[in-house]
Amino acid sequence: METAKIAQILDDMGTILEVQGENPFRCRAYHNAAQVLHGLPGDLTEMIADGSLAEVQGIGETLYAKIVQLATTGRLPAYEKLRAQTPPGLLALLRVPGVGPKKIKALHEALDIQSLADLRAAGESGAIAKVKGFGAKTEANILEGIGFLETTGGRILQNEALALVAPILDAVRNHPGVSRAEACGSLRRRAETIGDLDVLFSSKDPRPVLDHFAGLPQVAKVLGHGATKVSVLLPGFKTDQFVQCDLRGVADDQFAFALHYFTGSKAHNIAMRKRALARGLSLNEYALSGVKDPTKTIPCRDEADLFRALDLEPIPPELREDAGEFEAAGAGALPRLVEPGDLTGTFHCHSDWSDGDATLEEMAAGARELGMQYLGIGDHSRSLAMARGLTIDRVRDQWAKIDALNARFGGSFRIFKGTECDILGDGSLDFPDDVLAGFDYVVASVHSRFKMPRDEMTARIIRAISNPHVTMLGHATGRLLLSRAPYEVDLDAVIDAAAEHRTMIEINASPYRLDLDAVHCRRARKKGVAIVINPDAHSVAGLGDLRYGVSVARRAWLTKDDVFNTAPLAEIAERLASLRPR
DNA sequence: GCCGTTTTCGGCCCGACTGTTTTCAGTCG
């Protein structure tokens, strides 16, 4: 069984135990173990085999046995027993804002609530307000929470979150009472999708800033308004969708602590606090102070000061998952993560020769504008008629056009001749080898038959990337974040094959894809696979999506040297040529 | 259920906000 699936099961077990009223620390142990599995440095099966799993912090004897049982047999009687004791719809209730395990337990016992539908019906009939410990307000909030869940679907994409938060941040920073302000939370960590927006500011007097924020024209509803925090709903990008935005104010000498705290992740924060405690210090969102003598405080102007106070190198937000960053930062061994400015060019861009909006000239000009030294054009191949895939004749016409443009650039910039070549159903490619040989590079991607069984899809992709003409694999899982699930594929087998055949794997930087994800990207690097960051741009503006791909790379601990398209033009040309079959 | 440089028992991250209470429990991050 896959690691992520096992983690999910442990997480569910922790939740069911909570609903059953178990010892909260026992519940937490399950949740914690799930978190630990997500951040595991290596392959679970290998770690069981070589015994290193038993050494992992947070996995004791009991949970170790359960994990091994799940990994080897795919089943766990203890889990099945818990599931049998719990109505299947009950866990879904947790996703309702304001409803947690205790309320679920109380409602289940008092009203036999078993599902979201039950909960809604009970709320609409007024039954919830009559339960001890509940009231009219709670009932209304629960009904509203159910509505929220249905309209938001929970999360938004990174580009949407950035667009929503930018004007808020401007408004807060422009307020005369504000010293510093930052967006934090999962957005600052550059998570794949964002649940809500967190904005932090420092001020001598937060009140007027909070009031100003609550009164901004885009605010659809004020959810809560305290002395240091205001929560509001902002209209999202989809019809009837709303996104929660929290604004918090602190004193300026608290800013570094609050910024770190509200950036998270939760697991990282817990580890950070434990680290502080181990040094006789107590860390919260306002200060770092002595446990025995709370009046003894260690001032920190910024996050770097705070990390140094705990004997750590400053940890970039993208690494804050308690997945090895403390060990590395404590040893002074954090990698220098790749940065947007390291990229020298990119591949997998479309032009109006297939389904792009811009001409070759416009795309090249856009790339030069961004400081790039080269641009790879990889229009679609002939099978993808829907996207005006190029026939072999049109490919040759495009090559001639690119040659002419390159002659005009006179060596100061270069367009590489590429293709995003379809991987056909049987794993063969959409162009014959003699045509593929004429390209500077080939991106191979799946665009059809997404519903294939897992082993067939895996074999299909492996066959494609084993073709010596293929330079890199495009969007490895085909997923569209929040809208289309990835196709079933054994990514570890694909990564192994890529390593064997020296095929690169792209990080598709489109905020709708982010495919390969950071977890597998980190694994691919460990296997020696070169990573290339591609925007899958269909317009000049689409080139800007590279920033999202860089974030994925950073979350995967990649340095400049791990990313192919950070080398200067001459070296890129040389390396691409060396990868072509002789 | 996990864990140990005062511990193999007795702790386990912690503060803000809300709603229900009349001093606190639940939820959230």
Side-chain angles (χ1 to χ4, degrees), chain A residues 10 13-15 17-19 21-36 54-67 78 93-107 128-142 144-145 184-189 191 194-200 206 210 222-231 244-250 254 257-258 260-289 291-292 294 322:
Chain A
L10 294 181
M13 289 179 78
T15 304
L17 290 168
E18 279 180 283
V19 173
E22 250 296 343
N23 172 356
F25 297 108
R26 184 174 171 226
C27 305
R28 188 189 293 175
Y30 280 87
H31 292 305
N32 184 49
Q35 181 70 39
V36 166
E55 307 302 317
V56 175
Q57 281 276 316
I59 298 176
E61 230 175 287
T62 311
L63 283 170
Y64 176 82
K66 288 186 162 71
I67 291 167
L93 301 185
L94 276 178
R95 305 210 319 270
V96 180
V99 174
K102 298 289 166 58
K103 286 203 172 89
I104 292 177
K105 182 172 193 282
L107 291 170
I128 291 177
K130 298 194 182 79
V131 178
K132 182 171 159 56
F134 291 72
K137 262 301 208 12
T138 305
E139 183 174 81
N141 283 343
I142 288 176
E144 199 176 329
C184 23
S186 52
L187 180 58
R188 183 156 180 253
R189 299 199 315 277
I194 312 298
D196 58 14
L197 306 170
D198 291 299
V199 177
L200 174 74
L210 294 171
V222 178
L223 297 172
H225 193 148
T228 64
K229 172 186 166 181
V230 169
S231 294
Q244 184 171 334
C245 179
D246 296 342
L247 180 71
R248 301 156 202 269
V250 295
Q254 300 170 326
F257 306 102
H260 175 266
Y261 179 82
F262 290 117
T263 296
S265 66
K266 189 171 174 169
H268 172 91
N269 285 355
I270 290 172
M272 191 81 165
R273 286 181 180 205
K274 284 184 179 164
R275 191 175 178 94
L277 283 176
R279 285 162 175 71
L281 298 167
S282 170
L283 175 65
N284 60 25
E285 57 261 57
Y286 304 114
L288 181 63
S289 52
V291 171
K292 286 178 184 156
D322 192 20

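A, B, ... follow the sequence lines: proteins, then strands. Residue 1 opens every chain.
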Taking the chi torsion of B:dT5, is it syn (within 90° of 0) or anti (everything else)? anti

For A:Thr228, answer base if it contacts any base atom (sugar-phosphate contacts may also be present), sugar-phosphate if it contacts only those atoms, and nothing otherwise; contact means non-hydrogen atoms under 4.0 Å. sugar-phosphate

Say you pick atom P in B:dG4 and the same atom in B:dG15; how far apart are they, in whole Å? 24 Å

Roughly how far apart, to the nearest Å, are B:dT8 and B:dT18 at atom P? 44 Å

Please indicate whether A:Arg279 has more than 12 foreign heavy atoms, meaning atoms of other residues, nucleotides or ligands, lying under 6.0 Å from its CZ. yes

Find the distance A:Leu210:CG to B:dA16:P and express it as a whole number of Å. 14 Å

Have a look at A:Asn23 and say if it touches a base, only the backbone sugar-phosphate, or nothing, with a 4.0 Å heavy-atom cut-off. base

Ignoring hydrogens and geometry beyond distance, is the side chain of A:Tyr286 in donor-acceptor contact with the base of B:dG15 at under 3.5 Å? no

Check every atom of B:dC2, B:dG19, B:dG26 against the side chain of A:Lys103 and return the nucleotide holding the closest atom. B:dG26

Between P on B:dG15 and CG on A:Asn269, what's the gap in Å once rounded to a whole number? 13 Å

Take atom C1' in B:dT22 and the same atom in B:dG11, then report the distance between them in whole Å. 32 Å

Using the P atoms only, state how far B:dT27 lies from B:dT20, rounded to an integer number of Å. 13 Å

Between B:dG26 and B:dT21, how far apart are the two P atoms, rounded to whole Å? 13 Å

Would you mind classifying the nucleic acid contact of A:Pro101 as base, sugar-phosphate or nothing, using non-hydrogen atoms under 4.0 angstrom? sugar-phosphate

So what does A:Ala136 hit on the nucleic acid, given a heavy-atom distance under 4.0 Å: a base, only sugar-phosphate, or nothing? sugar-phosphate

Short question: side chain of A:Asp322, backbone of A:Ala271 - any donor-acceptor pair under 3.5 Å? no

Run the side-chain donor-acceptor check on residues 222-230 of chain A: report pairs under 3.5 Å with partners two or more places apart or on a different chain.
from: A:His225; atom 1: NE2; to: A:Asp211; atom 2: OD1; distance (Å): 3.0

Would you say B:dT20 has OP1 or OP2 under 4.0 Å from some side-chain N or O of A:Thr138? yes

Find which nucleotide of DNA chain B each of A:Ile59 and A:Asn141 is nearest to by heavy atoms, and output the residue with the more 5' nucleotide. A:Ile59

Closer than 4.0 Å, any side-chain N/O of A:Gln57 to the OP1 or OP2 of B:dG4? yes

Think A:Thr62 has a side-chain N or O under 4.0 angstrom from the OP1 or OP2 of B:dC2? yes

Euclidean distance, A:Gln254 CD relative to A:Leu200 CG, rounded to 0.5 Å: 10.0 Å

Distance, nearest 0.5 Å, that separates CG of A:Asn23 from CZ of A:Arg28: 9.5 Å

Have a look at A:Val96 and say if it touches a base, only the backbone sugar-phosphate, or nothing, with a 4.0 Å heavy-atom cut-off. sugar-phosphate

For atom C1', what is the distance between B:dT7 and B:dC12, given to the nearest Å? 13 Å

Could you check whether A:Ala33 gets within reach of a base, just the sugar-phosphate, or nothing at all, counting any heavy atom under 4.0 Å? nothing

Between A:Arg273 and A:Glu285, does any side-chain N to carboxylate O distance fall below 4.0 Å? yes

Could you tell me how far apart A:Leu17 (CG) and B:dC2 (C1') are, to the nearest whole angstrom? 15 Å

Rounded distance in Å - NE2 (A:His225) to P (B:dC17): 10 Å

Grab the OH-C1' distance between A:Tyr261 and B:dC13 for me, whole Å please. 8 Å

If only side-chain N and O atoms count, and only distance matters, is there a donor-acceptor pair under 3.5 Å linking A:Glu139 with A:Asn141? no

Taking the nucleotide of DNA chain B with the closest heavy atom to each, which residue, A:Ala29 or A:Phe262, is nearer the 5' end? A:Ala29

Please give, in whole Å, the distance from B:dC13 P to A:Arg273 CZ? 9 Å

Sticking with atom C1', work out how far B:dT5 lies from B:dA16, rounded to a whole angstrom. 36 Å

Base, sugar-phosphate, or nothing for A:Lys266, non-hydrogen atoms under 4.0 angstrom? base

How long is the line joining CD of A:Glu18 and P of B:dC28, in whole Å? 11 Å

Rounded to whole angstroms, how far apart are NZ on A:Lys274 and P on B:dG11? 16 Å

Watson-Crick/G-U partner (both atom distances under 3.5 Å) of B:dG19: B:dC24

Please report the distance separating the P of B:dG1 from the corresponding atom of B:dT6, rounded so that it comes out in whole Å. 28 Å

